[in-house]
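Worksheet for the structure shown next.
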Protein chains: 2
Amino acid sequence: MPRGRPRAFDADKALDKALKVFWRKGYEGASLPDLTSAMGINRPSLYAAFGNKEALFRKVIQRYANGPASYVRIALTRPTARAVVQHLLREGVQILTNPRNPRGCLAVQGALACGDSADCVRKELIRQREALVTALRNRFERAKSEGDLPADSAPADLARYVATLMHGLSVQASGGASRSQLQRVANLALRAWPT
Amino acid sequence: MPRGRPRAFDADKALDKALKVFWRKGYEGASLPDLTSAMGINRPSLYAAFGNKEALFRKVIQRYANGPASYVRIALTRPTARAVVQHLLREGVQILTNPRNPRGCLAVQGALACGDSADCVRKELIRQREALVTALRNRFERAKSEGDLPADSAPADLARYVATLMHGLSVQASGGASRSQLQRVANLALRAWPT
DNA sequence: GACATTCTGTATCAGTCGGTAAATATATCC
DNA sequence: GGATATATTTACCGACTGATACAGAATGTC
């Protein structure tokens with residue numbers, strides 16, 4: 001056990017609470033009182049444990065990737081490109097419309113457009129979203145080389161198409177679209193997939 | 001000519017400047033100094049001419065709909081459902097990636113997630129986005145009754161699919177995707193369209 | 001020219017923003 | 001028990017937020 005007075009709160013649980021706040025209100029829209037009251041701690045404890053607002057947000061992003069968004073990594077392990085996309089879209093719709101979570105995707109609505117002070121957070125989320133495109137492109141290139149995708153298909157374009165769908169679904173979910181509505185959109189989108 | 005001292009600035013030009021600021025930074029991210037300095041006026045002039053920040057934003061939304069986003073109404077007049085979608089996607093990509101404008105779509109990034117004080121602006125943009133879905137659904141229902149769309153197609157689902165694509169393209173553009181990348185995504189997306 | 005009307009510029013408002021200094025409380029190490 | 005180390009609490013910081021009061025300037029009406 002470390003020296004000194006022990007922390008009176010569970011840092012992981014507090015991080016989950018912060019995740020919910022950032023998820024719902026975005027980086028700029030989440031104020032420190034919003035965060036501290038949700039986390040059940042006061043400001044100096046937040047700063048001691050997490051650094052500052054931006055550092056807290058970066059930790060929240062990691063937790064998001066390893067928690068609610070972990071289905072993305074799982075989807076990439078599916079045997080065929082089509083199965084990857086199916087898993088991604090259908091599981092994505094589940095997360096985006098999970099009533100226990102805020103609507104939409106943190107990587108989209110965390111800081112899509114913001115003031116100058118939040119610009120490096122915005123750029124970080126751009127990198128996160130672009131990482132999805134890259135991962136998909138790599139997966140589809142492999143699929144193409146395996147004969148799983150037609151020789152005339154364009155993995156980079158397919159990757160961006162799927163990412164565009166995911167982010168569009170996030171906007172839809174954020175606007176209140178229902179789970180079944182988005183499921184039907186996902187099914188429709190799959191008709192564009194090369195056979 | 002009205003009585004009193006005449007206004008020393010062009011209200012329409014000032015509104016255009018405000019549009020650019022809101023478009024790039026979002027409703028919350030755009031501060032009053034951002035707005036007034038871009039508009040070339042000082043704060044009391046802004047309040048006298050436009051009310052307050054929220055009223056200014058609502059006027060900016062209208063101007064956006066009648067200006068950069070006017071291609072949407074034009075697209076709806078195309079003779080076939082497929083032509084509507086083609087026009088929408090291709091013209092949309094042009095606007096979303098126009099180097100003279102901020103990247104992305106105001107209706108998406110104006111207030112996707114925000115603090116409580118901006119919540120009614122957020123809801124207003126949700127209504128704006130949902131209006132696109134409704135207009136598309138009506139147009140596709142007409143197309144179906146005209147035999148332009150197959151009898152087994154679902155206009156509501158097709159409408160939401162197209163809206164999802166548009167909003168996804170907006171997120172992509174906001175993240176720096178190039179015009180040609182998005183054009184290829186739009187072409188790919190059209191492969192899901194019923195024949 | 002006197003007056004009413006409207007806009008502009010300065011200066012300022014109360015409230016909130018993210019962030020912190022200082023004092024107190026609670027643990028381990030010796 | 002005493003020293004040390006860490007956490008919590010209270011109170012506060014300067015900067016910025018959206019929004020205004022007030023005085024001066026520029027017009028039309030009479």
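Chain naming here is simple, since letters A, B, ... match the order of the sequence lines and numbering starts at 1 in each. Only heavy atoms go into these numbers, but all of them, side chains included; no hydrogens, no water, no symmetry mates.
The residue B:Ala8 sits close only to the backbone: its heavy atoms come under 4.0 Å of sugar-phosphate atoms, none of a base. As judged by a 4.0 angstrom heavy-atom cut-off over every strand, B:Ala118 is placed among residues making no nucleic acid contact. If you check every strand for non-hydrogen atoms under 4.0 Å, B:Asn42 touches a base. In this structure, A:Ala11 reaches neither bases nor backbone, as no heavy-atom distance under 4.0 Å exists between it and the strands shown. When heavy atoms are screened at a 4.0 angstrom cut-off, A:Pro44 is found touching base atoms of the nucleic acid.
The nearest whole Å value for the distance from the CE atom in A:Met39 to the C1' atom in D:dA7 is 15 Å. Residue A:Arg43 contributes atom CZ, which lies 10 Å from atom C1' of C:dT20 at whole-angstrom precision. Rounded to an integer number of Å, the gap from CZ of B:Phe57 to P of D:dG18 is 13 Å. One can place CD of B:Glu28 at 10 Å from P of C:dC17, the figure rounded to the nearest angstrom. In this entry the distance linking CZ of A:Phe9 with C1' of D:dT6 reads 12 Å, nearest Å. Whole-Å rounding puts the A:Ile41 CD1 to C:dT20 P distance at 15 Å. Between B:Lys53 atom NZ and D:dG18 atom P the separation is 4 Å, expressed in whole Å. Atoms CG (A:Leu32) and P (D:dA11) sit 19 Å apart, rounded to a whole Å.
No salt bridge links A:Asp148 with A:Lys144; every basic N to acidic carboxylate O contact stays at or beyond 4.0 Å. Salt bridge B:Asp16/B:Lys13: absent, no basic N to carboxylate O contact under 4.0 Å. A salt bridge links A:Arg160 and A:Glu130; the closest N-O separation between the charged side-chain nitrogens and carboxylate oxygens is under 4.0 Å.
Between A:Arg7 and D:dA7 there is a side-chain polar atom (N or O) within less than 4.0 angstrom of OP1 or OP2. Using a 4.0 Å cut-off, no side-chain N or O of A:Ser45 falls inside it from OP1 or OP2 of D:dA7. Distances shorter than 4.0 Å separate none of the side-chain N or O atoms of B:Asn52 from OP1 or OP2 on D:dG18. Under 4.0 angstrom from either OP1 or OP2 of C:dT20 there lies no side-chain N or O belonging to A:Tyr47.
Rounding to the nearest 0.5 Å places CD1 of A:Ile61 at 12.0 Å from CG of A:Asn66.
Each of B:Ala48 and A:Pro33 was assigned the nucleotide of DNA chain C with the nearest heavy atom; the assignment lying further toward the 5' end belongs to B:Ala48. Take the nearest nucleotide of DNA chain D for A:Gly4 and for B:Pro6: the residue whose nucleotide is more 5' is A:Gly4.
Aromatic rings of B:Phe140 and B:Trp193 (six-membered ring for Trp) have centroids within the 6.0 Å cut-off, being under it.
Counting distance only, with no hydrogens placed and no angle test, the side-chain atoms of B:Arg5 and the base atoms of D:dG28 include no donor-acceptor pair under 3.5 Å.
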